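Below is one structure; the comments refer to it alone.
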Amino acid sequence: MRLPPMAQYHPYAQLGNTGPAMVSAFFGRFALWAVSSLPVRFSGRDGPRLAQYTYNPDFNNAAWITRQRPLGTWRWQQVVLTGKELRSVAEPKGEVRRRSPLFPSARMLFNSIDFAVFLPVVFILYWFVFRSLRIQNGLLLVSSIVFYGWWDWRYLILVFFSAGIDYVMGSRLERTDDPRARKGLLLISLISNLGLLGFFKYTDFFITSFNDSFTFFGHPLGLQTLGIILPVGISFYTFQSLSYTIDVYRRHLKASEDPVEFCAFVLFFPQLVAGPIERAAKLLPQFATPRVFDIAVARNGVRQILWGLFKKIVVADNCSQIVNQLYADPSAHTGSTMVLATILFAFQIYGDFSGYSDIAIGTARLFGFDLMRNFAYPYFSRDIAEFWRRWHISLSTWFRDYVYIPLGGNRGTKAFVVRNTMILFLVSGFWHGANWTFVAWGAINAIFFLPLVLLNKHKSKTGTVAEGRLLPSLGEAWMMLSTFLLACSAWVFFRAQSIEEAFDIFGRIGSASLFTAPEITSKLTLGISVLGIGIMLLLEWMNRERQYGLEMDGRAVQPVRYALYYALIGIIIVCAPPGGGEFIYFQF
Amino acid sequence: MTARKFLVQCTLLALPIAMLFALVAWVDPYSLYGTGGPIPRELKEKNLYHSGRTMPFSNTMWKLIDFRRTPSPNILLGDSRLSRFDVDSLQHFTGDSYFNFGIPGGNFVTIDRLFHYADSVTELKHVVVQVAFRGMEMHQNFDSYEEPRMILEKPWSYVHNRRVMEAAGLNLVSNYFPSLLSYDVPGAGNWEMVLAAEKESAEHFVIDTTVYGRLQKIADRCHAEGADLIFVEYPTHPDLQHIMSAAGLGSEREAYLERLRTMARVIDLDQPGLFPSDRSFWRDPLHLTVDAQRMLIPHIWGSH
């Protein structure tokens, strides 16, 4: 459908080179078709940005821009443009295309109604209709395709590309003993996966950085960014798939002989888009073994899903309302306000990501799978090394096993250890996103971590805090508080839009305005956030020796358990902010 | 067998919640699904004004849905002062039917977003925007439109939205147990309370200049589409007019009107002596009664 050219009525009206057009120049018509409804690039009044269109059948055939993000940043901002307004700007040059109505933009988020319908359907088919192992694996694969394709089916090509390469490389690695050939096969897998990740995640970042560097030295290059959107979950599934070829290469694992089984492992929907990043050696054999339904495990799974939803909806989504507002313009707020915003962000990202992990692990349990634990109450850590053993465990251990230890780990001279630690944290930061803020976040954590490694105290706090006691000692409380504050200071870089902005925030925090009352406009949202954080910390503290905050053994009688479930469900319903939020780690 | 047992247990756990959602869908307090239900439309409309806390959301939700169902090329945009405007009398006077987008708690943000919403649904011919100089104050820029929009974008979320649930409960109680319910009625000291709040606001008045950008976009859009646009500065009681002039805001108000005149026709009805100061015409210093608002019709549409 052609739209009237009335571009001058819109703030983002000056249409620049679009992503589709640029990609087309590189890869021809097929690529243009593939990305024709992906986000496009505008050169607007406030600088270049990406905008994504979605079709909304409810609004009289109106097309909406639902999200935008300034180029060079990773955060999407919600924007709302009405259909005719959008139509007035959309196709003056015939370059912008609207999303096809056949493929509405709807991610099947764990906290969506779509998933609430999808999950029981798959569960019933899995346990009641398809009982043979191969067919169950096939069902999981099809379900995962539907789950991922619900967002955008074209990106499935990338997932299958990654899985296909690694399946073939794994099979060949199994069959050959020639060291050179084996290295070559591993290299193909590494280049394919990291190349895929690098192209989709870092191309625009490097172009922008090149431009900035040359402009700094007075030779502006004017290179156009491609306006590429990051496919959901690419950082997770490429790493998971990569772990397979590395383990087969190391002879830690036998290559899979069943492509359906292998694809089901790579695409396994509970952890496909945001982890936990599973090791092939742990998860793949579970696909090869017949699963037996265990009601205790399944109940545990449902409880963990409920706990994850609580953390996501009550804690993370409410905190995000305040954090997004305050971090949108830190220069307008006092130091005390930004301290509060940063503390809330610490709980937002924890509630968001650990909530997602809980739902993923709980969902996998419903199908008889055991995924690795991803968070172990990191904010109860007594030093930063313990924090990193408890935060995003699947990624930390991935980097430890496949990067840090191959580099030599903490064996060798102190300079060698410093180098390896810095590499580990910088790579980990860069993995999170194509922005210098993430690199800075990694570097700061390395600086916090290094003294402990150099003094060989990085494994001094391995047990549960205040084990066997209700409350921590004063010393333990102080250590937990100081670790939390160190983590928060690093979160400033993680959340800020740029390094300059992060320093500006620290400047504010260091000013006299730190001693004024924080300015929060939505006191109700703040109250709900604090209530949610309080409940979360209380239950997790009480359960800190178990896997997650709501895990129960036979001690609680049924009425008490049900009362607790309904109380949590009631709080989730009453405290859910409008709209619900996407998971932060979908962006990585 | 154990899988079956587990499924039954999960179903039993989810049943009360599913029933609650089904009840909300059945009551359908804002007639989103339009499937009838037990609550008469008149009662639903009455309940939109149950309390000051719920009015902004309820009215926005109702009017967004109602407009989508029965779009009109002629719209009124404004705040609570316009929300009960008698559009039947207006139709009688002008011959045109108007859709009233007056939202309690509305402001320039709401006006802006509702205009673009209406513009996305249908082609507009006549747009009358009830503006207010007092609404130019910096802290009046909150957004009551976003939540209803999100619900309409995801109709499933309607049944589990806490405000919709509250409205469903209110509708049920008002239908089956009306004696248990009381509606917000302005108390004896309401007049003074409004004046005190307005005085406080006037003394710390900082103009939000981004409003001009919003209004300019509306004006440009109307101009491009050939729609007629009028800005109407609604009357306030002389007690309030005194407060604004005593705060030294007269010149700023003039500059504001002047700026508006560059965008569209402006009708300034907030002038001393133009409307009676008799309190029987007013609900409070800001709000004319519905009857009194009919007097405005010839002032605004007299030249039609």
Side-chain angles (χ1 to χ4, degrees), chain A residues 4 6 8-11 54 56 58-64 66 78 80-88 106 112-114 116-117 119-120 123-124 126-128 131 292-299 301-302 306 366 368 521-522 561-562 565-566 569-570 572-580, chain B residues 1-7 9-14 16-18 20-21 32 57 64-65 68 71 113-124 139 141-143 145-157 159-166 213 216-218 220-221 223-225:
Chain A
M6 293 163 61
Q8 66 271 31
Y9 298 109
H10 197 272
T54 50
N56 192 328
D58 287 336
F59 283 89
N60 196 22
N61 201 32
W64 295 58
T66 53
Q78 293 290 327
V80 182
L81 295 176
T82 53
K84 278 176 74 178
E85 187 181 24
L86 179 61
R87 282 202 293 278
S88 73
S112 68
I113 292 282
D114 309 37
V117 175
L119 182 60
F123 179 87
I124 290 168
Y126 185 85
W127 289 115
F128 295 97
R131 296 189 175 203
V292 179
F293 185 82
D294 182 334
I295 194 163
V297 171
R299 280 179 186 151
V302 172
L306 177 60
L366 293 179
T521 50
S522 178
R561 286 205 309 269
Y562 273 70
Y565 300 154
Y566 281 119
I569 292 168
I572 288 171
I573 290 171
V574 172
C575 297
Chain B
M1 272 312 279
T2 50
R4 189 160 295 142
K5 185 180 169 190
F6 172 74
L7 203 59
Q9 284 177 342
C10 285
T11 309
L12 289 175
L13 179 72
I17 299 150
L20 177 66
F21 291 169
L32 175 65
F57 173 83
L64 287 179
I65 295 166
R68 197 174 67 184
R113 304 195 72 179
L114 285 171
F115 169 79
H116 290 293
Y117 169 76
D119 183 41
S120 76
V121 173
T122 189
E123 287 209 10
L124 300 174
H139 295 104
N141 64 353
F142 46 86
D143 184 4
Y145 172 84
E146 189 61 9
E147 187 169 355
R149 180 198 71 78
M150 284 180 173
I151 294 171
L152 290 192
E153 196 178 321
K154 296 175 185 164
W156 270 110
S157 66
V159 295
H160 60 80
N161 178 278
R162 60 184 177 216
R163 293 180 194 272
V164 179
M165 283 185 173
E166 184 185 358
Q216 186 66 56
K217 276 207 298 179
I218 293 175
D220 288 347
R221 183 71 187 152
H223 178 69
E225 292 286 291

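Treat the numbers as computed from the prediction; the structure is a model and nothing was measured. Below, each value reflects all heavy atoms present in this structure, side chains not excepted, and no hydrogens, waters or symmetry copies. Naming convention: chains lettered A, B, ... in sequence-line order (proteins, then strands); numbering from 1 in each chain.
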Roughly how far apart are [X] [atom1] and [Y] [atom2], rounded to 0.5 Å?
{"X": "A/R299", "Y": "B/L13", "atom1": "CZ", "atom2": "CG", "answer": "11.5 Å"}
{"X": "A/F128", "Y": "B/L7", "atom1": "CZ", "atom2": "CG", "answer": "5.0 Å"}
{"X": "B/H160", "Y": "A/I569", "atom1": "NE2", "atom2": "CD1", "answer": "13.5 Å"}

Here the pair of heavy atoms bringing A/I573 nearest to B/R162 is O-CB, 3.9 Å
**Study point:** Minimal non-hydrogen separation, A/Y566 against B/L12, with atom names
**Key:**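 Reported closest heavy-atom pair: OH-O, 3.6 Å.
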### Query
Tell me, side chain or backbone of B/F21 under 4.5 Å from chain A's heavy atoms, or both, or neither?
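Contact with chain A is through the side chain of B/F21 alone.
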Contact class of [X] relative to chain B, heavy atoms under 4.5 angstrom:
{"X": "A/F293", "answer": "both"}
{"X": "A/A576", "answer": "backbone"}
{"X": "A/L366", "answer": "side chain"}

Checklist line | Side-chain heavy atoms of A/V302 within contact of B/Q9, under 4.5 Å | finding: no
